[in-house]
Amino acid sequence: MDEKELTNVNEYKCPNCGAPLEFDPESGQMRCAACGSAFSVSEVSMSARGVHEQQGFDWSGYKNETSHETMNTAVYTCQSCGATIEADGTTAATKCPYCDNVIVMNERVQGGVRPNAVIPFKYKPKDLPGLVKKFYQGKKLLPNNFFKDTYLSEVQGLYVPFWLFDCGVEGGVNLEGERVFSYREGDYDVTEVHHYMLERDGSMHFSHIPVDASSKMSNDLMDSVEPFDFSELVDFEEGYLSGFLADRFDSEPDAELPRASARLMKSAEETLKETCMGYTSVHIRNNGMQITDSSVKYVLLPVYLLNCNYKGEKYQYAVNGQTGKVVGKLPVDKGKSARWFWGACAVGTAVCYVLLNLFF
Ligand SMILES: [Zn+2]
Ligand SMILES: [Zn+2]
């Protein structure tokens, strides 16, 4: 067996009673559910890692490293119950499936792969039933008991790794503007279209463009769970992960930069288009803008992932753990949709019948 043993793991325990000490979204502190003791996140994290301060992720430093840790499955021994547990290559924090002990794998959040910042969870699992109900309220065709409260309150929050790019763009675009005039001339309706070649130059700076850094996550789902409020980013501390799941990145900034630049180019084009006023329509003919400089932060963002199997199909939902926004595609109950259709038809027939009676 060539599985690596993770030894540098931290179990966060209440110093007063030994029960798990977890990050509590409500108070923003580390809290013991058993005895109610509370501690500050930085105090607990610092004493757990035994180091005063650590640098976060550094893009150029990371590129210069000769070898990167391979992300293979590893095993660790739960220090509370002694079970040997397998952790997949990107797991950075989890709970022991046997004793519910909270575990943070230090080597996956320290050194060169330490996150720069984190948005801590604001919503707890107990908030999920309410959030999800609001999401599907009024959607007639939803299967009965689609999300069960018992399932929802057991869902664990996941810190998803994201790259947060800051980029400058500079250069110009060529645009074509149209002005349309319509008027009447004798017997004719005349439409005149005037074409204008326009040029706009500019330099802009974009900050906090998020791109998920996990190949396991669906890009569409992660894009739609945005926006996050990045003014609430705080320095990363290990303690925030306690009681949650966390993944480390497995796709690198160089590979994800094109996704970020595509997003910001679109916004840059829109911004320049908006400066062309007085035209019926404007479109871009040629974009000569370039990214001038880019920097990246490695951050962990709070998300709840909900999985649902319905009639052999898998549905995945995400809840933004900071804002409570719920995203995902709801299945349509085919039985219900048929009943609904027939219901509508029956009403239609009745109306026709009444009308016929009136006319004849
Ligand atoms: Zn305690
Ligand atoms: Zn255990």
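Small disclaimer: the values here were computed from a predicted structure and weren't measured.
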Inset, instruction - Determine whether more than 12 heavy atoms belonging to other residues, nucleotides or ligands lie under 6.0 Å from atom CD of Gln290. - result: no

Inset, instruction - Could you check if a side-chain atom of Trp163 sits within less than 4.5 angstrom of a side-chain atom of Ser251, using non-hydrogen atoms only? - result: yes

Legend entry - Matching residue for Phe121 among Phe23, Phe228, Tyr159, Tyr240 - test: ring-ring contact (aromatic ring centres under 6.0 Å, His included): Tyr159

Inset, instruction - Kindly indicate, with the supporting measurements, whether the criterion side-chain contact (heavy atoms from CB on, under 4.5 Å) is fulfilled by Asp88 and Lys216. - result: CA-CA 12 Å; Asp88 90 18; Lys216 283 192 280 186; 3.4 Å; yes

Inset, instruction - Considering only NZ, NE, NH1 and NH2 on the basic side and carboxylate oxygens on the acidic side, decide whether Arg114 and Glu238 come within less than 4.0 Å. - result: yes

Legend entry - Spatial distance of atom CG (Leu301) from atom CD1 (Ile119) [nearest 0.5 Å]: 5.0 Å

Legend entry - Test item: Ile85 and Val75 side chains (from C-beta on) under 4.5 Å apart, heavy atoms: no

Legend entry - Salt-bridge criterion met for Lys297 and Asp58 (N-O under 4.0 Å): no

Inset, instruction - Indicate whether any N or O donor in one side chain lies under 3.5 Å from an N or O acceptor in the other, for Ser214 and Asp247. - result: no

Legend entry - Among Phe236, Phe162, Tyr62, ring-ring contact (aromatic ring centres under 6.0 Å, His included) partner for Phe57: Tyr62

Legend entry - Neighbour count above 12 (heavy atom, 6.0 Å) for Asp235 CG: no

Legend entry - Donor on one side chain, acceptor on other, Thr7 and Glu107, under 3.5 Å: no

Legend entry - Exercise: identify the closest heavy-atom pair between Lys325 and Pro227: NZ-CD, 4.1 Å

Inset, instruction - State, without any angle test, whether Asn219 and Arg259 hold a side-chain donor-acceptor pair at a distance under 3.5 Å. - result: yes

Legend entry - Asp189: partners by salt bridge (Lys or Arg N to Asp or Glu O under 4.0 Å), with sequence neighbours left out: Arg184

Inset, instruction - Write down the atom of Leu241, the atom of Ala93, and the distance for their closest heavy-atom approach. - result: CB-CB, 3.8 Å

Inset, instruction - Show your working on salt bridge (charged side-chain N to carboxylate O under 4.0 Å, His left out) between Glu226 and Arg263 and close with a plain yes or no. - result: CA-CA 13 Å; Glu226 290 170 29; Arg263 282 178 79 163; 2.7 Å; yes

Inset, instruction - Flag the pair Arg31 and Glu22 as a salt bridge only when some basic side-chain nitrogen lies within less than 4.0 angstrom of an acidic carboxylate oxygen. - result: no

Inset, instruction - Output, in order, the C-alpha distance, side-chain angles, deciding distance and verdict of side-chain contact (heavy atoms from CB on, under 4.5 Å) for Glu237 and Met46. - result: CA-CA 8 Å; Glu237 298 280 4; Met46 210 189 294; 5.7 Å; no

Inset, instruction - Locate the shortest heavy-atom distance separating Leu21 from Met30; write the atom from each residue and the value. - result: O-CE, 3.8 Å

Legend entry - Minimum side-chain heavy-atom gap Phe206-Val169 below 4.5 Å: yes

Inset, instruction - Answer yes when Glu11 and Lys95 have at least one side-chain N-carboxylate O distance shorter than 4.0 Å, and no when they do not. - result: no

Inset, instruction - Name all residues meeting the salt bridge (Lys or Arg N to Asp or Glu O under 4.0 Å) criterion together with Arg179; count only those two or more places apart in sequence or in a different chain, and write none if there are none. - result: none

Legend entry - Heavy atoms of other groups near Lys63 NZ, more than 12 under 6.0 Å: yes

Inset, instruction - Work out which heavy atom in Tyr12 is nearest to a heavy atom in Ser242; give both atom names and the distance. - result: CB-OG, 3.5 Å

Inset, instruction - Give a yes or no on whether Tyr188 atom OH has more than 12 heavy-atom contacts from other residues, nucleotides or ligands under 6.0 Å away. - result: no

Legend entry - Sidechain N-carboxylate O distance under 4.0 Å for Glu269, Lys266: no

Inset, instruction - Run the numbers on Asp229 and Lys122 for salt bridge (charged side-chain N to carboxylate O under 4.0 Å, His left out), then give the verdict. - result: CA-CA 12 Å; Asp229 176 3; Lys122 277 198 163 169; over 6 Å; no

Inset, instruction - Flag yes if more than 12 heavy atoms outside Tyr196 fall under 6.0 Å of its OH atom; otherwise flag no. - result: yes

Legend entry - hydrophobic_cluster_shared for Val299 and Leu305, side chain cutoff 4.5 Å: yes

